[in-house]
Amino acid sequence: MTDPSPNRSVQPDTGTPAPHLPVPGAGPSPAARPGTRPPCADVAKGVTCEQCVNFLLDYLDGALPPDERFRFESHIAFCADCEIYLENYRKVAALCHGCGCVERLAQTPAPEKLIQAILQARAHGHTPS
Amino acid sequence: MNPVDHMADPAASNVLPADTDLIRRLRAGDEAAYESLVRSLTPRLRAVARRITRTDADADDVVQEAFLSAFKALATFDGRSALSTWLHRIVVNAALMRARKDKVRASHESSIESLLPRFEAGEHQHSPARWRPVTSDDAISIEERRAIYSALDRLPDEFRTVLVLKDIEGMESKAIAASLGVSDALVRQRLHRARQALLALLDPILKENGA
């Protein structure tokens, strides 16, 4: 794994990578949470929802190596919560992209005062502060 | 630091034919060329600056400063990117410099924590709700845009800035890292957290049974 992952950084300013997605069966499985909701079916295999969510950006950017991508997709296939979270996460990025598209197409006219200020500053040889 | 510094564009293309004539006229001191450039690019550049600085007054200052910096550096413009791309980057850098100077709005990374998903024993503490379909690209509705911008304004600056530059402005994370003076890994971490926080803020509006 060579690509930095957004949530693998233990120290935010260093980008130090944290562990990869665990190999199934290699680590301790989290205990099933008490309550009425059934536990995620994939947690028993050693990939938790939290680990899966941490890899969303890398997954969507195609930055996960094949074996980690397989484990990620296997978890998503088993886990309704993560499948929905992934879908919503995609929609956030799509909506922001849509805002950018609209901004580029339809722009609020700039104030004439600003345009004149820029042109006059240039004409008078003003330099940026 | 001058906003024109560190302007290397990894996605640089050859100079556009339309730019060639404009640059020649600008370098010759053609007033009409300057006015044409300022009039055509100011609306877009002001919108970008406004998204980073948050106020119209700061955005106007940034755009003016950026244009003057660009005019001053025009002789050294190497044409590796379109003139508009070059100016866009100068405005982004100037806006980021302005935002950094504004200590009043300084925030801490920890302030986003309450918007991140919570887990218990590795599982989602609360099951996410499925969202209704959303529109994309330029078909995005006014209501959706309002919801996005309102949510964006609630994010801490360091996260909002990265999200704006990557997901709205379409900049590459490496270019954002260079402009911010941080690592690419940190940019990606902030982007991921910003998207998660935005998801949490939009959830009440966009979930299938929401408003």
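Letters A, B, ... are given to chains in the order of the sequence lines, protein chains preceding strands, and every chain is numbered from 1.
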Can you confirm if the aromatic rings of B/His192 and A/Tyr89 lie within a centre distance of less than 6.0 Å?
yes
Report the distance from atom CG of A/Leu114 to atom CZ of B/Arg46, rounding to the nearest 0.5 Å.
6.5 Å
Should A/His97 and B/Asp167 be marked as a side chain to side chain contact (heavy atoms under 4.5 Å, CB included) after you check the CA-CA gap, both sets of side-chain angles, and the distance that decides it?
CA-CA 5 Å; A/His97 177 72; B/Asp167 285 348; over 6 Å; no
Please state whether the side chain, the backbone, both or neither of B/Leu199 comes within less than 4.5 Å of a heavy atom of chain A.
both
What part of A/Ile118 lies closer than 4.5 angstrom to a heavy atom of chain B: side chain, backbone, both or neither?
both
Top of A/Cys82, A/Ala117, A/Cys99, A/Ala93 for chain B proximity - count of heavy-atom pairs under 4.5 angstrom
A/Cys99
Apply side chain to side chain contact (heavy atoms under 4.5 Å, CB included) to the pair A/Val53 and B/His124, showing each step before the final yes or no.
CA-CA 10 Å; A/Val53 165; B/His124 293 267; 3.7 Å; yes
Test salt bridge (charged side-chain N to carboxylate O under 4.0 Å, His left out) applied to B/Arg24 - qualifying residues, sequence neighbours left out
B/Asp21
Got a salt bridge between A/Lys113 and B/Asp60, using NZ or NE/NH1/NH2 to carboxylate O under 4.0 Å?
no
For A/Glu73, side chain to side chain donor-acceptor pair (under 3.5 Å) partners two or more places apart:
A/Tyr59, A/Arg69
If the threshold is 4.0 Å, N to carboxylate O, is there a salt bridge linking A/Glu50 and B/Arg118?
no
Side chain / backbone / both / neither for B/Ala129 at chain A, heavy atoms under 4.5 Å:
backbone
Under a 4.0 Å N-O cut-off, is there an ion pair linking A/Lys91 with B/Glu144?
no
Does NZ or CZ of A/Arg122 lie under 6.0 Å from the centre of the six-membered ring of B/Tyr34, at an angle within 45° of the ring axis?
yes
In Å, rounded to the nearest 0.5 Å, how long is the span from CG of A/Leu57 to CZ of B/Arg195?
5.5 Å
